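Beneath this line is the structure, given in structure tokens, with notes to follow.
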Amino acid sequence: MKLKTAIILTIIAIVMQPLFLSMLPEAMAPNLGFCILIVCVASMDERLAIIPLMIVTITSLFIDLFSNQFVGAVAISMLLVAIVAFLVRRHLDLENPIYLLGFALGTHILYEIVYWVIYRIMGTPYGFLYMLKNIPAGIFVDVVVTFIGLFFAGRQLGKLRRESYFKEMKL
């Protein structure tokens with residue numbers, strides 16, 4: 001994915017997120033910022049993916065400020081999962097749809113767990129089982145949106161994998 005396309009899609013996702021939250025139940029509304037972030041992490045070079053990562057992180061801080069119990073939990077969990085996704089994507093063949101689906105599912109499950117751990121550290125009374133009751137529907141919607149984004153960014157995934165392979169060979 002090109003940087004201009006990533007920035008435009010990130011801004012569209014940020015603008016559309018409140019619309020989806022108002023139209024759908026909270027458990028069924030996709031987390032578009034995180035979905036676009038995972039697509040950017042998977043289909044862009046690390047240096048270029050930092051810009052959409054920072055845009056999503058800053059806007060998630062503002063969303064936290066106005067609508068969540070704790071400020072910064074979403075941003076921290078997105079950053080941690082993006083770092084793990086950067087490390088994992090080098091070892092996966094993301095041209096394969098099964099790996100794409102596994103990558104999308106794994107990152108979203110990891111995001112939800114990290115989000116709950118950060119909330120728990122900050123002092124929320126919600127338990128792990130309470131958090132699990134809303135996750136299946138939300139993860140399904142998020143994984144479908146991420147999979148579609150990764151599928152359309154598929155040409156860049158193969159190119160990025162080949163370039164990173166030969167970059168590591170030069171070292």
Side-chain angles (χ1 to χ4, degrees), residues 1-3 5-17 19-21 23-57 59-60 63 73-119 128 131-165:
M1 184 182 305
K2 295 181 180 176
L3 183 60
T5 307
I7 291 173
I8 290 170
L9 286 176
T10 304
I11 292 171
I12 290 172
I14 290 166
V15 170
M16 296 297 290
Q17 183 69 34
L19 176 69
F20 282 124
L21 283 173
M23 291 175 52
L24 299 170
E26 188 174 348
M28 294 295 293
N31 186 350
L32 292 178
F34 186 68
C35 294
I36 293 295
L37 178 65
I38 294 301
V39 171
C40 290
V41 164
S43 64
M44 296 176 71
D45 190 35
E46 287 94 354
R47 292 171 283 132
L48 296 177
I50 295 296
I51 295 171
L53 176 67
M54 289 298 120
I55 293 172
V56 169
T57 304
T59 55
S60 67
I63 291 169
V74 173
I76 293 169
S77 51
M78 281 187 187
L79 284 173
L80 293 176
V81 172
I83 291 168
V84 169
F86 276 130
L87 297 174
V88 168
R89 74 142 193 221
R90 293 182 182 187
H91 304 292
L92 294 178
D93 178 17
L94 292 178
E95 295 176 43
N96 187 342
I98 302 297
Y99 286 125
L100 280 177
L101 188 62
F103 183 73
L105 184 63
T107 54
H108 285 284
I109 289 173
L110 182 65
Y111 169 74
E112 294 292 338
I113 290 171
V114 169
Y115 181 71
W116 176 80
V117 167
I118 291 171
Y119 252 57
F128 189 69
M131 183 239 356
L132 285 178
K133 77 175 191 169
N134 289 331
I135 287 183
I139 283 184
F140 177 76
V141 172
D142 285 346
V143 167
V144 167
V145 170
T146 304
F147 180 76
I148 291 169
L150 287 171
F151 188 76
F152 284 119
R155 288 184 288 145
Q156 295 295 328
L157 298 173
K159 181 178 159 187
L160 183 67
R161 186 168 187 257
R162 286 188 296 277
E163 288 175 0
S164 66
Y165 175 77

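In this chain, residues are counted from 1 in sequence order. Everything numeric here is computed off the predicted structure, so don't read it as measured data.
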Going by the rule side chain to side chain contact (heavy atoms under 4.5 Å, CB included), which residues pair with [X] if we only count those two or more places apart in sequence or in a different chain?
X: M16; result: I12, L19, F20, L32
X: F140; result: V144
X: I135; result: E112, M131, L132, I139
X: L53; result: L37, I50, T57, L79, A82

Would you say [X] and [Y] make side-chain contact, with heavy atoms under 4.5 Å?
X: N31; Y: M78; value: yes
X: V39; Y: F152; value: no
X: P97; Y: F147; value: yes
X: L24; Y: P30; value: yes
X: C40; Y: I36; value: yes
X: Y111; Y: V74; value: yes

Give, for atom [atom1] of [X] and atom [atom2] of [Y], the distance between the pair rounded to the nearest 0.5 Å.
X: I76; Y: I118; atom1: CD1; atom2: CD1; answer: 5.0 Å
X: L100; Y: L150; atom1: CG; atom2: CG; answer: 5.0 Å
X: L105; Y: L110; atom1: CG; atom2: CG; answer: 11.0 Å
X: S77; Y: I113; atom1: OG; atom2: CD1; answer: 12.0 Å

Looking only at heavy atoms, which two atoms of [X] and [Y] are closest? And how far apart?
X: L48; Y: P52; value: O-CD, 3.2 Å
X: R89; Y: E46; value: NH2-OE2, 3.0 Å
X: Q17; Y: G33; value: OE1-N, 4.1 Å
X: T10; Y: I55; value: CG2-CG2, 3.7 Å

task = Could you please spell out the steps behind the side-chain contact (heavy atoms from CB on, under 4.5 Å) verdict for I7 and L3?
result = CA-CA 6 Å; I7 291 173; L3 183 60; 4.0 Å; yes
query = Which word best sums up how the rings of F128 and W116 line up, parallel for under 30°, tilted for 30 to 60°, or perpendicular for over 60°?
reply =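 The arrangement is perpendicular - the two ring planes meet at more than 60°.
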ask   = Which side-chain hydrogen bond (donor to acceptor under 3.5 Å, both in side chains) pairs, counting each pair once, include a residue from residues 135-146, with sequence neighbours left out?
value =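 Counting only pairs at least two positions apart or across chains, the side-chain hydrogen bond (donor to acceptor under 3.5 Å, both in side chains) contacts touching residues 135-146 are H108-T146.
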ask   = Can you name the ring pair (Phe, Tyr, Trp, His ring centres under 6.0 Å) partners of Y119, sequence neighbours left out?
value =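 F70, Y115.
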